[in-house]
S.K.: 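Quick one: this structure, given as structure tokens, is what I'll be asking you about.
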Number of protein chains: 2
Amino acid sequence: MDDPRWLTPEQLHSWIRLVSVVELLPSILDAQLQRDAELTHFEYFTLARLSEAPKRTLRMTALSAATNASLARLSHVIARLERRGFVERTPCLEDRRATNSSLTELGWRKVVETAPGHVATVRDSVIDVLDQSDVADLDRIMGRILSRLDPTNRLRSWGAE
Amino acid sequence: MDDPRWLTPEQLHSWIRLVSVVELLPSILDAQLQRDAELTHFEYFTLARLSEAPKRTLRMTALSAATNASLARLSHVIARLERRGFVERTPCLEDRRATNSSLTELGWRKVVETAPGHVATVRDSVIDVLDQSDVADLDRIMGRILSRLDPTNRLRSWGAE
DNA sequence: GCCTTTTGGTTGTAGCGTCAAGTAACCAAC
DNA sequence: GTTGGTTACTTGACGCTACAACCAAAAGGC
């Protein structure tokens, strides 16, 4: 710790820009979704993962892995979404500790009607400023970073290396 | 909105990885700083920006720009840091609406002693998995994204394009 | 079979951020 | 010189997340 191996100017510059994106991006996504659908980005992301699952159903643990969330956080969020009628919880028969959460018809319609606006925001704020090779670079770099951030590799579904 | 111009598979893959980093990185940084210095990453970042300023002093508005924060958020944070003796607020003489916040000697020492551990975490979780050209790519890509996220270009100090 | 450990999930609480509202000072125009 | 509008900041309330404690069921150990 005596020699912290300080960052080079280039590394520091990149780092600060990354931190800025990490700080600013969530509020952009939250603002649009809140305005147009009264959802946080995390709520939308959760509904979206469910909508892609077989039978639009996942166990809490699987869903928490797919969304990078702790079980505690997910439990609170699912409770809110359940109150609003977007999600349903049912006990799992094979493992009676487990809970399945599944998208209701209302939840499915919510995702379908919310997706276009969200995608437009993602394009506007990120994707459309990048050309094809930028996208490839971004993918490679985020993959490398994720391999450190997510050592248990819960994200293997979309390949954190 | 009828044709949402859906993302290509490559774009979607990159996007999900970026979102994952955006979700996971803050908790890594917060965890280390909380454990070793009882600071949130945003508190540390704020102290660090102050420590680099001339006379270790900045106006609230300038500091909020440098940290990508709303004035309201910054006001709360500075209040906390002031209670702990790391920062001091003094009215600004030229413009009596404005407030200067400056690092105390205690705050300066806090930054100095906290920095090495933080840099080590930044290296571990991000920088050390990237080679020189990755760092350049990251810088370029984040710069492009920032030019959209931060249209008023408050970050021009470190050049969001 | 029992006992311990691990896994799966929920809940309460405390803390941070956002939003809306409020105050005070500056500025420009009439 | 006072009115209208903007800028700079603070404050309070509310909502979301993290953390810790909890319970129940499954899986091992022997």
S.K.: Using heavy-atom distances to pick each residue's nearest nucleotide on DNA chain C, tell me which of A:Arg89 and A:Ser27 is more 5'.
M.R.: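 Its nearest nucleotide being more 5', the pick is A:Arg89.
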S.K.: Identify the heavy atoms of A:Ile78 and A:Met60 that sit nearest to each other, and give their distance.
M.R.: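 Taking every non-hydrogen atom into account, CG1-CE, 4.0 Å.
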S.K.: A:Met60 CE to C:dT11 P: how many Å, rounded?
M.R.: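 Interatomic distance, CE of A:Met60 to P of C:dT11: 10 Å.
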S.K.: May I have the step-by-step check of side chain to side chain contact (heavy atoms under 4.5 Å, CB included) for B:Arg144 and A:Asp131, ending in yes or no?
M.R.: CA-CA 11 Å; B:Arg144 291 195 176 159; A:Asp131 63 31; 4.1 Å; yes
S.K.: Is there a donor in the side chain of A:His13 and an acceptor in the side chain of B:Asp139, or the other way round, less than 3.5 Å apart?
M.R.: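 There is such a pair between these side chains.
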S.K.: For A:Ala53, which residues count as a side-chain contact (heavy atoms from CB on, under 4.5 Å) partner, sequence neighbours excluded?
M.R.: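 In terms of side-chain contact (heavy atoms from CB on, under 4.5 Å), with neighbours along the sequence ignored, A:Ala53 is linked to A:Leu58.
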S.K.: Just by distance, no angles: are the side chains of A:Asp30 and A:Thr40 close enough, under 3.5 Å, to form a donor-acceptor pair?
M.R.: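 Checked: A:Asp30/A:Thr40 side chains show no N/O donor-acceptor pair below 3.5 Å.
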S.K.: Does a salt bridge link A:Arg56 with A:Glu88, judged by any charged N lying under 4.0 Å from a carboxylate O?
M.R.: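 Not counted as a salt bridge, because no side-chain N and carboxylate O are separated by less than 4.0 Å.
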S.K.: Expressed as a whole number of angstroms, how long is the span from B:Arg83:CZ to C:dC16:C1'?
M.R.: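 It works out to 12 Å between those atoms.
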S.K.: Would you mind reading off the distance between A:Leu29 atom CG and C:dT18 atom C1', rounded to a whole angstrom?
M.R.: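 Taking atom C1' of C:dT18 as the reference, CG of A:Leu29 is at 16 Å.
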S.K.: Between B:Ala31 and A:Gln34, which residue's closest nucleotide on DNA chain D lies nearer the 5′ terminus?
M.R.: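 This one resolves to A:Gln34.
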S.K.: Whole angstroms only, please: what is the NE2-P distance between B:His41 and C:dC16?
M.R.: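 One finds 16 Å between P of C:dC16 and NE2 of B:His41, rounded.
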S.K.: Using a 4.0 Å cut-off to any heavy atom of chain B, which nucleotides of DNA chain D are the first and last in contact, reading 5' to 3'?
M.R.: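 Contact span on the strand: D:dT7 to D:dG12.
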S.K.: Under a 3.5 Å distance rule, please check whether B:Thr104 uses its side chain to pair with a backbone N or O of B:Gly85 as donor and acceptor.
M.R.: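 Such a contact is found between B:Thr104 side chain and B:Gly85 backbone.
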S.K.: Can you pull out the residues from residues 71-80 of chain A that lie within a 4.0 Å heavy-atom distance of DNA chain D?
M.R.: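 Residues of residues 71-80 of chain A under 4.0 Å from DNA chain D: A:Ala72, A:Arg73, A:His76, A:Val77, A:Arg80.
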S.K.: Please report, rounded to the nearest Å, how far the C1' atom of C:dC16 is from the CG atom of B:Leu39.
M.R.: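 That distance rounds to 14 Å.
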S.K.: Going by ring pair (Phe, Tyr, Trp, His ring centres under 6.0 Å), name the residues that satisfy it together with A:Phe42, two or more places apart in sequence or in a different chain.
M.R.: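 Scan of A:Phe42 (ring pair (Phe, Tyr, Trp, His ring centres under 6.0 Å), adjacent residues dropped) gives none.
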S.K.: Could you list the residues that satisfy salt bridge (charged side-chain N to carboxylate O under 4.0 Å, His left out) with A:Arg96, not counting sequence neighbours?
M.R.: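 Not a single residue meets the salt bridge (charged side-chain N to carboxylate O under 4.0 Å, His left out) criterion with A:Arg96.
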S.K.: Are B:Asp128 and A:Arg148 close enough for a salt bridge, meaning some N to O gap below 4.0 Å?
M.R.: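 A salt bridge is absent here (no side-chain N lies under 4.0 Å from a carboxylate O).
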S.K.: Set out, in order, the CA-CA distance, both residues' side-chain angles and the distance that settles salt bridge (charged side-chain N to carboxylate O under 4.0 Å, His left out) for B:Lys110 and B:Glu105, then state yes or no.
M.R.: CA-CA 9 Å; B:Lys110 185 72 171 176; B:Glu105 186 54 31; over 6 Å; no
S.K.: Do any N or O atoms of the protein come closer than 3.5 Å to N or O atoms of nucleotides 23-27 of chain C, and which pairs are they?
M.R.:
{"residue": "C:dC26", "atom": "OP1", "partner": "B:Arg96", "partner atom": "N", "Å": "2.7"}

